[in-house]
J.: 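Can you keep this structure in mind? I'll have questions shortly.
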Amino acid sequence: MKQESKTPKKPLIYYYLIAMLVLLLLNALVFPSLLSPKVGEVSYDQFLSLVERKEVNKVAIENDVILFTVKDDAAKDGYAYYQTGRIEDADLVNRLKESGAEFSAVIPTQDSPLLSFLMTWVFPIILFVAIGQLMGRMLTKHMGSNAMSFGKSNAKIYVESQTGKSFADVAGQDEAKDALREIVDFLHNPDKYAAIGASLPKGVLLVGPPGTGKTLLAQAVAGEAKVPFFSISGSEFVEMFVGMGAAKVRDLFKQAQEKAPCIVFIDEIDTIGKKRDSGSGIGGNDEREQTLNQLLAEMDGFDGAKGVVILAATNRPDSLDKALLRPGRFDRRVPVELPDLQGRIAILKVHAKDVKMEDDIDFDTIGRATSGASGAELANIINEAALRAVRMGRSKVAQQDLEESVEVVIAGYQRKGAMINDREKRIIAYHEIGHALVAARLKDAAPVHKITIIPRTSGALGYTMQVEEEERVLMSKEDLLNQIITLTGGRSAEEVVFNSITSGASNDIEKATSTARAMITRFGMSDTFDMMELETVNNPYLGNDTSLVCSAETAAQVDSEVRDIIRAAHQKALTILRDNRDVMDKLAAFLLEKETITGEEFMEILKQCDAERQPVSLVKENQ
Ligand code: ADP
Ligand code: MG
Ligand code: ZN
């Protein structure tokens, strides 16, 4: 967010430079002339002749200079003091005595010690303090407030068009947009709603996984609403000093009520809105609690009909304090979900507008290959593709850039120059072909899109990408079993070909286990437990955040069921690969040579092998 400043921000460095300059000038020009009256330079023999002529009045002998004053009538050129270099001169004292000059080893230049003390110590300090204050005032003016004016909310006020975002920038998310449009409309025409007796919710909570565009939606509302828009992030309440959070909330709401009708947006509200009892223990998190209490009090305190609507966003609705969700507070929830195929394509297109693209880009393919990706990830894919096009020296983004950047976002960059010896490379190739071949031989498994054994910076040594033909919302038991069998295919290939196993299957094992566990504990797909719930999902938006809700004995039984599913799947994969050893060898050799093969090449080889096989089996049957 960088749209809030009303006055152009001059870099701080200017202030420092100006202050330095002023000090330097003072030092160079003002101080010396004030402190030390003008001193004339004379040669030693001139000095001696002045002494001889008895025109010297007072003399001060220092380590290496002699300072002196002359009698009034001799001072023609206006200097108050004269100085000359000191030469070893044993006779000097006698000569001075003879001339009747007053002499000493004291410096006579500073006649007033008080003035000199003021000039050298007091004045510079006053000057520094004054400049410091001036700069402080400039800083607060430019940074809104903060360390210097305690307790002021530093919410940024957006005015229409300042965010530069509108609903057109948010692809998909139609339900969320509709809900928010209603709010904007209410703020524009409150009478329409008042006439029928409808009152709008005080608070609207946007909930959804990270990167789905919650913050973006709020910015779009700011762009669309022709009312003031205050925006603050939850974490900003909790920063700084104890007690500040509550004060900030108070100030924010005071400002909002003055500016009503307006919208207040609290991003990442979970940072202040966490359940108050959640194991804070002794000492607890008093600061956050105070802030939350203040927020609740303020939400109750203002009159919704006045036209202040509070918008908040979170990806942890489960962790929010129940009090926040009570009617009269955030009683309307707007889900912001991960995009489906159409949504993904739309998001890709929105972001592709900012980038020069070839005309023949097939967004459909990219959309299919990115099932489960969030809007933020899709935006990143477009950007990575543009970067790749630049690296390749092209002026437009091509399909190939997009395909590669999907892999970068999913699996990391290609690791150039990774040292993998030939035996390991063979193992990796067979492992990946194992996955792909098992998938191809299973009925209804997702088709293979790409296989590669180019290592990635994420640590993946190779991978097999499957892409569903159409978007799925339901998975049958068979689909899930197929997934598990495919996951065990990699390790199975290693066993069949090399008769040994490696550490390379850890990721497969993790995924197979969590799928098998979910089948039993959450999807009711085991005979033993039927439709019994054994695990609850704590947060649907943050991965596998689940907890068991069964006895220890049941948990042990679940473990053994999971083991049975995986064992059966593993056996199935082994059988498939043993039956297809010839095809596997051919595919692995091809992959070793090419390092990457596409789904079409894969199917081509598979068909060829099948065609060669068939006559043999026919002959056998005829005998
Ligand atoms: P959240 O706040 O939900 O975590 P953001 O609003 O910060 O997500 O989204 C991050 C970025 O992802 C946005 O700046 C935008 O570029 C992109 N993005 C996410 N969802 C969409 C969408 N529906 N349409 C267009 N861009 C999106
Ligand atoms: Mg956000
Ligand atoms: Zn694998």
Side-chain angles (χ1 to χ4, degrees), residues 1-2 163-177 180 205-222 231-235 265-271 311-317 334-340 342-355 373-383 409 411 427-439 451-453 459-466 483-494 501-512 541-542 573:
M1 302 192 192
K2 48 177 165 20
T163 65
K165 297 268 194 290
S166 69
F167 281 139
D169 293 307
V170 189
Q173 307 296 3
D174 292 325
E175 296 84 358
K177 278 198 260 182
L180 293 172
L205 189 62
L206 298 169
V207 291
T212 44
K214 297 181 294 297
T215 308
L216 181 68
L217 268 165
Q219 287 172 340
V221 171
S231 163
I232 192 162
S233 169
S235 53
F265 175 52
I266 306 174
D267 206 355
E268 279 145 43
I269 194 171
D270 42 287
T271 38
L311 211 61
T314 178
N315 46 32
R316 321 208 40 164
V334 176
V336 185
E337 301 289 353
L338 284 174
D340 59 5
Q342 289 316 314
R344 289 198 298 276
I345 294 174
I347 293 173
L348 285 169
K349 283 183 177 163
V350 162
H351 287 276
K353 268 193 213 128
D354 305 333
V355 176
S374 69
E377 282 164 324
L378 293 168
N380 192 16
I381 283 172
I382 297 282
N383 191 48
V409 173
I427 296 176
I428 296 165
Y430 271 101
H431 178 108
E432 296 308 330
I433 291 296
H435 286 305
L437 192 53
V438 167
I451 312 166
T452 167
I453 52 168
L461 296 169
Y463 62 87
T464 304
M465 204 166 141
Q466 286 172 275
Q483 274 185 6
I484 298 173
I485 297 169
T486 305
L487 283 166
T488 58
R491 160 67 66 88
S492 303
E494 294 178 31
I501 53 180
T502 68
S503 60
S506 62
N507 197 8
D508 300 335
I509 290 170
E510 199 182 307
K511 278 192 207 151
Y541 303 129
L542 294 178

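Both counts, for ligands and for their atoms, begin at 1 and track the order of listing. Because the structure is predicted, anything quoted here is derived from the model rather than measured.
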J.: Name the closest protein heavy atom to atom 6 (O) of ligand 1, giving the residue it belongs to and the distance to 0.1 Å.
T.: L216 N, 2.8 Å
J.: Please could you name the atoms of ligand 1 that G213 approaches to less than 4.0 Å, counting only its heavy atoms?
T.: 1 (P), 3 (O), 5 (P), 6 (O), 8 (O), 9 (O), 19 (C), 20 (N)
J.: What do we get for I347 next to ligand 1 when only non-hydrogen atoms under 4.0 Å count, side chain, backbone, both or neither?
T.: side chain
J.: Which atoms of ligand 1 are found less than 4.0 Å from any heavy atom of P210?
T.: 4 (O)
J.: Nearest protein heavy-atom contact for atom 20 (N) of ligand 1: which residue, which atom, what distance?
T.: T212 O, 3.3 Å
J.: Answer yes or no as to whether an N/O/S atom of N315 is found below 2.8 Å from the Mg ion (ligand 2).
T.: no
J.: Where the closest heavy atom to atom 1 (P) of ligand 1 is concerned, which of A171, A379, G211, A176 has it?
T.: G211
J.: Select one of side chain, backbone, both or neither to describe which atoms of D267 lie under 4.0 Å from any atom of ligand 1, heavy atoms only.
T.: neither
J.: To which of K349, K177, H351, E268 does the heavy atom nearest atom 26 (N) of ligand 1 belong?
T.: H351
J.: Taking side chain as C-beta onward, heavy atoms only, is Y463 less than 4.5 Å from I453?
T.: no
J.: May I ask you to check whether D508 brings an N, O or S atom to under 2.8 Å from the Zn ion (ligand 3)?
T.: yes
J.: Rounding to 10°, state the angle centred on the Zn ion (ligand 3) that links NE2 in H431 with NE2 in H435.
T.: 100°
J.: How far is atom 10 (C) of ligand 1 from its nearest protein heavy atom, and which residue and atom name does that atom have?
T.: A376 CB, 3.9 Å
